[in-house]
Amino acid sequence: MAAPLTRIGLAGLAVMGQNLALNIAEKGFPISVYNRTTSKVDETVERAKQEGNLPLYGFHDPEAFVQSIQKPRVIIILVKAGAPVDQTIKTLSVYMEKGDCIIDGGNEWYENTERRQEAVAELGLLYLGMGVSGGEEGARNGPSLMPGGSFEAYKYIEDILLKVAAQVPDSGPCVTYVGKGGSGNFVKMVHNGIEYGDMQLIAEAYDVLKSVGKLTNEELHQVFSEWNKGELLSFLIEITADIFGIKDDKGDGYLVDKVLDKTGMKGTGKWTVQQAADLSVAAPTIASSLDARFLSGLKEERVEAAKVFKSSGVCDILTDQVVDKQKLIDDVRQALYASKICSYAQGMNLIRAKSIEKGWDLKLGELARIWKGGCIIRAIFLDRIKKAYDRNPDLANLLVDPEFAKEIVERQSAWRRVVCLAINSGISTPGMSSSLAYFDTYRRERLPANLVQAQRDYFGAHTYERIDVEGSFHTEWFKIAKQLKI
């Protein structure tokens, strides 16, 4: 007797694919899995047995894999972005039929998703690009899911996604139909950009507390654990507290101190900054976190530079300031929170700008809701963001939401103290500093941009507008200046 058909298929069984497949099976949906490297298939089948005889069926052959799924077939692809996705689609689509659906769950560039949607539509297939956040643990136990593309395809698997996604009390499953085209991938990309900003800000808080406040790892563990009970309650603060508590298994002391200070990256943060530039949206916190990663990569150069500046006596005054430890901890907490508001504001503005450009009609409050659980940037703070957009869907910037504006004003003295202390101590805080500069620029009615525009008109006849008369003007600055010098 032939085996009953499964409800869904998943191709690509690296860490994320394997865990998501087991999650789907555990929620009661029989699933077929396939991987080019067959050992991964066997490994996943074995895990399904061990983790409770889950209804997961492995296939070594792509045709048998596709045929094992009930129609209309839905196949999730979780392979490396770019050419491997095209290759997998090519391999599987040969055996797929009109009305079947492909879902790309990788960190893909949104335009690739839109290109593939058009290409498979010619074969009569539906397509979704779905951001999946939460890492290994999230994929297995409940990620945040950001599907975009064919609404018809979303409806096929809505019941599965609602069960598989992270569940947050009071606000429901962390999944929503994001919008048309490549919007799911775009939103996931910006989520990762915000994540870059968050991680950099936390690293700066750590640097100031350790370098200036002289906190030990044990004290840092306590501070971050305490912070995770209040307004900063989040996945990233929680794991940071954990990291400070872990001893080195290969020697004395704590493991965090033995980790090389070079940060890797996969590219989504870079894409976010490029998109911000393309859309003329200021995203300085996210950009500075990307720059910090670039600079961290120059380890050998930094070691040499440290020698140069040590011998020239530049660093003698640094980090020797006497500080009130408790006051510093409280100030850094407030500075971190205020900076974080700016980072999220930049990300949300970027999503809105793209939504307007593409006609996606994205709901910012709903995106904040689905990020409340499962994903890397999940935080209690996202509830505040959702409420801000509920209060005003057309909110120009999170900074001017009455609640957030009040919180920033209350924290700005602490924020300024931390940035000044860091500067005077020679500790770089690019994320906190650029967040503060973003706030200070945004809240000022008049900026020195009048001078920049005057310079542009002087050397390039770019014209300028006036504050007192309508229209465009050009002045022969050079001639007038020459006459004045005679």
Side-chain angles (χ1 to χ4, degrees), residues 74 76-78 81-82 85 89 101-121 125-134 143-158 161-162 164-165 172-195 267-281 283 286 344-372 374-377 382 385-386 389 393-395:
V74 177
I76 299 174
I77 294 175
L78 266 164
V85 177
I89 291 171
C101 166
I102 295 171
I103 302 174
D104 177 11
N107 275 335
E108 188 53 274
W109 174 239
Y110 82 97
E111 288 178 330
N112 284 344
T113 296
E114 296 189 338
R115 166 176 64 77
R116 290 178 188 129
Q117 274 169 3
E118 285 174 25
V120 304
L125 303 178
L126 304 177
Y127 199 89
L128 281 173
M130 180 169 74
V132 179
S133 178
S144 173
L145 300 169
M146 297 154 246
S150 161
F151 185 66
E152 192 186 337
Y154 174 71
K155 280 303 190 190
Y156 277 2
I157 55 149
E158 185 176 37
L161 299 184
L162 288 171
V164 164
C174 293
V175 60
T176 190
Y177 172 70
V178 171
K180 299 190 291 281
S183 59
N185 294 109
F186 190 87
V187 164
K188 172 60 166 58
M189 176 198 79
V190 176
H191 161 288
N192 287 21
I194 293 170
E195 179 187 304
T268 41
K270 189 200 250 177
W271 290 346
T272 305
V273 174
Q274 286 168 333
Q275 278 295 295
D278 285 350
L279 291 160
S280 305
V281 172
I286 299 171
Y344 281 73
Q346 293 158 29
M348 288 302 192
N349 285 353
L350 178 52
I351 290 173
R352 185 181 47 219
K354 194 68 180 183
S355 176
I356 291 167
E357 182 197 72
K358 302 285 287 184
W360 284 338
D361 192 28
L362 304 184
K363 306 280 186 280
L364 299 182
E366 183 64 355
L367 297 179
R369 182 191 70 76
I370 67 167
W371 288 345
K372 278 169 63 179
C375 71
I376 304 300
I377 63 171
L382 281 153
I385 295 180
K386 181 189 180 304
Y389 287 113
D394 301 319
L395 187 65

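Computed from a predicted model, the values in this text were never measured in an experiment. All values below come from the heavy atoms of this structure, side chains included, with hydrogens, waters and symmetry mates left out.
Within the 4.5 Å cutoff, no side-chain heavy atoms of M146 are placed close to those of F186. Looking at Y127 and D104, their side chains come closer than 4.5 Å, going by heavy atoms from C-beta outward. Within the 4.5 Å cutoff, no side-chain heavy atoms of V281 are placed close to those of Q346. Counting only heavy atoms from C-beta outward, the side chains of N112 and V85 never approach each other to under 4.5 Å. Taking 4.5 Å as the limit, some side-chain heavy atom of I377 sits within range of a side-chain heavy atom of Y344.
Of the possible donor and acceptor atoms, none in the side chain of S144 sits under 3.5 Å from a partner among the backbone N and O of G374. With hydrogens and angles ignored, the 3.5 Å screen pairs no side-chain donor or acceptor of Q117 with any backbone N or O of L126. Here the side chain of R369 pairs a donor or acceptor atom with the backbone of V175 at under 3.5 angstrom.
Applying the side-chain hydrogen bond (donor to acceptor under 3.5 Å, both in side chains) rule to E118 yields no partners; only residues at least two apart in sequence or on another chain are considered. For I356, the side-chain contact (heavy atoms from CB on, under 4.5 Å) partners are R352, not counting sequence neighbours.
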Less than 3.5 Å apart, which donor and acceptor atoms pair up between the side chains of residues 177-184 and the rest of the protein, not counting sequence neighbours?
unit_1	atom_1	unit_2	atom_2	d
Y177	OH	G149	O	2.6
Y177	OH	G179	O	3.2
K180	NZ	G359	O	3.2
S183	OG	G179	N	3.4
S183	OG	G179	O	3.1
S183	OG	K180	O	2.8

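Between L161 atom CG and I103 atom CD1 the span is 6.0 Å, to the nearest 0.5 Å. To the nearest 0.5 Å, the span separating CG on D361 from OG on S355 amounts to 6.0 Å. Interatomic distance, Q275 CD to E357 CD, rounded to the nearest 0.5 Å: 7.5 Å. Taking CE of M130 as the start and CD1 of I77 as the end, the distance is 11.5 Å to the nearest 0.5 Å. Atoms CE and CH2, from M189 and W271 in turn, are 8.5 Å apart once rounded to the nearest 0.5 Å. From I286, atom CD1 reaches atom CG of L350 across 7.0 Å, with rounding to the nearest 0.5 Å.
At a cut-off of 3.5 Å, with distance as the only test, no side-chain donor of T268 or N107 sits close to an acceptor on the other residue.
The heavy-atom pair separating L145 from P143 by the smallest distance is CD2-CG, 3.7 Å. Closest approach of R116 and G82 over heavy atoms only: NH2-O, 3.1 Å. The two residues K372 and L382 have their closest heavy-atom pair at CG-CB, 3.8 Å.
Around NZ of K270, the count of heavy atoms belonging to other residues, nucleotides or ligands within 6.0 Å does not exceed 12.
Under 4.0 Å is where a charged nitrogen must lie from a carboxylate oxygen, and between K155 and E158 at least one such pair does.
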